[in-house]
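Take a look at the structure below.
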2 protein chains.
Amino acid sequence: MSILKIHNQNTEVEVGETDTLSDSIRRQLADEILAGRFPVNHKLDEQELADKFAVSRTPVREAIRQLASAGLVDIRPRRGAVVVSLDPAKIGQAFEAAAELEALAAGWAAVRATLVEMGELMDLYEKCEEALEEATSDEFAAANRVFHDKIADLAKNESLKAATRLVRVQTAPFQRAQFQSVEERRRSQEDHADILSAICTQDREAAERGMKNHILRASLTVLRDENRMKSKG
Amino acid sequence: MSILKIHNQNTEVEVGETDTLSDSIRRQLADEILAGRFPVNHKLDEQELADKFAVSRTPVREAIRQLASAGLVDIRPRRGAVVVSLDPAKIGQAFEAAAELEALAAGWAAVRATLVEMGELMDLYEKCEEALEEATSDEFAAANRVFHDKIADLAKNESLKAATRLVRVQTAPFQRAQFQSVEERRRSQEDHADILSAICTQDREAAERGMKNHILRASLTVLRDENRMKSKG
DNA sequence: CCGATTCATCTTGTATACGAAATGCAGAAA
DNA sequence: TTTCTGCATTTCGTATACAAGATGAATCGG
């Protein structure tokens with residue numbers, strides 16, 4: 001039942017009481033990969049990482065295996081694990097899929113959310129609003145994520161939520177850069193307003209459409225930036 | 001030639017060439033769980049399984065971790081892993097999500113498949129046709145799965161395919177019983193015909209609708225059977 | 001000069017050992 | 001009788017040891 005073992009809301013990655021070393025290392029490695037601190041196709045040497053974290057190879061191995069399940073690394077038997085190469089085609093597919101899955105969730109949320117839950121979603125929308133101007137881009141990104149997660153909750157389908165999480169991992173490395181500009185945040189928040197109102201009026205179609213457009217638009221922004229970065233240097 | 005094979009003489013462990021022991025054990029455990037040979041909430045004792053497969057705890061541990069990532073077992077740190085309990089609500093959600101994801105895939109397949117690929121899909125359809133009458137229910141189920149997998153391929157989106165796979169794991173235990181009756185196979189094959197023709201005429205809407213109906217109808221059949229089984233025994 | 005082969009080395013996969021947390025039970029206290 | 005506590009046992013998490021495949025360089029043959 002607790003697939004939500006991973007609470008990423010706090011930025012701290014300390015070892016909790018109930019947590020195991022493997023979990024801690026998995027989180028730290030995931031963070032590093034998603035932050036792009038490992039180059040693509042970088043080989044993850046078990047012994048090297050064990051030394052780095054001052055543990056034995058065992059928890060490192062387990063962490064790497066879990067990262068492979070999450071789609072962050074690729075394991076070739078007896079030849080080690082490498083950070084997955086996210087070629088543009090795959091990235092595009094991930095955003096495309098994410099748009100559909102989150103749109104589906106928004107649609108279901110529109111017809112399944114209770115009034116109380118709508119209120120909660122509004123609260124989260126306002127949290128984003130507050131983070132619009134003054135907060136750091138990471139803080140806004142966090143508020144943004146909470147908003148989206150809430151919608152996934154309101155869809156009331158654990159399987160869809162799990163699927164969404166799976167896909168979102170692929171797109172995560174690129175969303176980091178998204179909210180650098182206040183402009184982009186404002187556009188994003190406008191979309192959120194549309195989606196929120198669609199959900200609160202139980203307008204399923206509008207919710208779906210709004211979320212799909214929201215993600216596709218953001219995807220295009222991100223991918224264009226990515227391309228510009230590449231061609232520049 | 002490998003000592004591993006000699007070592008495993010007395011067991012059922014099959015070691016492929018590229019495969020690792022962990023992989024082999026993961027597959028076998030997954031099969032057993034999906035076949036319902038482990039009761040729900042059954043605790044997976046690492047040492048016990050290690051003895052059963054005549055290996056050490058290490059590969060068993062890795063296998064269990066991967067099963068957890070696949071959503072088949074639930075690991076509580078320091079308290080072991082148990083086969084997940086699939087309460088009816090969760091199962092329903094899984095079918096619901098599967099219907100949407102596969103419908104999405106069918107829709108994309110309709111507008112993205114090449115003529116050659118349509119031909120290949122037709123071939124797979126006919127494989128199902130052949131398996132309709134004479135084959136065992138497991139054989140038909142296999143052909144059925146290949147057909148669905150092909151559609152997922154034709155959607156040309158790796159992320160969606162991965163998401164579909166994730167969700168399908170949850171529904172797999174129940175699809176086993178589905179094709180026991182020839183009647184049910186015929187209904188299923190009728191649906192396939194509709195979906196196939198929609199894809200081959202590039203009718204996206206029809207493909208989506210057909211697939212969604214197909215899966216929802218099958219889901220209802222399965223779930224009703226499940227309920228009957230329960231109330232009877 | 002270039003390619004294939006062999007051997008040394010490195011890395012992964014698996015086994016085993018050990019410490020620590022969880023579980024279960026017995027016995028005491030209320 | 002019930003519940004709490006303390007201990008013994010079990011099982012898990014991690015460390016370490018060992019075996020087998022992969023990697024790469026040096027050598028040999030063309």
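Protein chains get the first letters and strands the later ones, always in sequence-line order, with residue 1 at the start of each. Worth saying up front: this structure is predicted, and the values here are computed from it rather than measured.
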Item to check | B:Glu62 vs B:Arg26, salt bridge (charged side-chain N to carboxylate O under 4.0 Å, His left out): CA-CA, chis, key distance, verdict | outcome: CA-CA 8 Å; B:Glu62 292 197 350; B:Arg26 172 178 52 72; over 6 Å; no
Checklist entry - So, the side chain of A:Glu139 versus the backbone of A:Thr136: is there a donor-acceptor pair under 3.5 Å, distance only? => result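 Yes; at least one donor-acceptor contact below 3.5 Å.
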Item to check | Selected nucleotide, minimal atom distance to B:Lys43 side chain, candidates D:dT11, C:dT11, D:dA15 | outcome: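 Minimum distance to the B:Lys43 side chain belongs to D:dT11.
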Checklist entry - What is the nucleic acid contact for A:Leu44, judged by heavy atoms within less than 4.0 Å: base, sugar-phosphate only, or nothing? => result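 If one applies the 4.0 Å heavy-atom cut-off, A:Leu44 turns out to touch the sugar-phosphate alone, with no base involved.
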Checklist entry - Across the strands shown, which category fits B:Ile64 at heavy-atom distances under 4.0 angstrom: base, sugar-phosphate, nothing? => result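 Nothing, no heavy atom under 4.0 Å.
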Rounded to the Å, how far apart are [X] [atom1] and [N] [atom2]?
{"X": "B:Gln47", "N": "D:dT9", "atom1": "CD", "atom2": "P", "result": "18 Å"}
{"X": "B:Asp23", "N": "C:dT14", "atom1": "CG", "atom2": "P", "result": "8 Å"}
{"X": "A:Glu46", "N": "D:dT16", "atom1": "CD", "atom2": "P", "result": "15 Å"}
{"X": "B:Glu48", "N": "D:dT11", "atom1": "CD", "atom2": "P", "result": "9 Å"}
{"X": "B:Asp45", "N": "C:dA22", "atom1": "CG", "atom2": "P", "result": "17 Å"}
{"X": "B:Ile75", "N": "D:dC12", "atom1": "CD1", "atom2": "P", "result": "10 Å"}
{"X": "A:Arg61", "N": "D:dT14", "atom1": "CZ", "atom2": "C1'", "result": "14 Å"}
{"X": "B:Asp19", "N": "D:dA22", "atom1": "CG", "atom2": "P", "result": "13 Å"}

Measuring to OP1 and OP2 of [N], would you say a side-chain N or O of [X] lies under 4.0 angstrom away?
{"X": "A:Thr20", "N": "D:dT14", "answer": "yes"}
{"X": "A:Ser56", "N": "D:dA15", "answer": "yes"}
{"X": "B:Ser22", "N": "C:dG13", "answer": "no"}
{"X": "B:Arg76", "N": "D:dG13", "answer": "no"}

Does the side chain of [X] reach to within under 4.5 Å of the side chain of [Y], using non-hydrogen atoms?
{"X": "A:Phe38", "Y": "A:Leu29", "result": "yes"}
{"X": "A:Leu223", "Y": "A:Ile91", "result": "yes"}
{"X": "B:Arg65", "Y": "A:Arg65", "result": "no"}

Checklist entry - Toward the 5' end of DNA chain D, which comes first, B:Arg57 or A:Arg57, by nearest nucleotide? => result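 Going by which nucleotide is closer to the 5' end, it is B:Arg57.
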Item to check | N/O donor-acceptor pair, side chain A:Arg79 with base C:dG13, under 3.5 angstrom | outcome: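 No such pair is found, so the answer is no.
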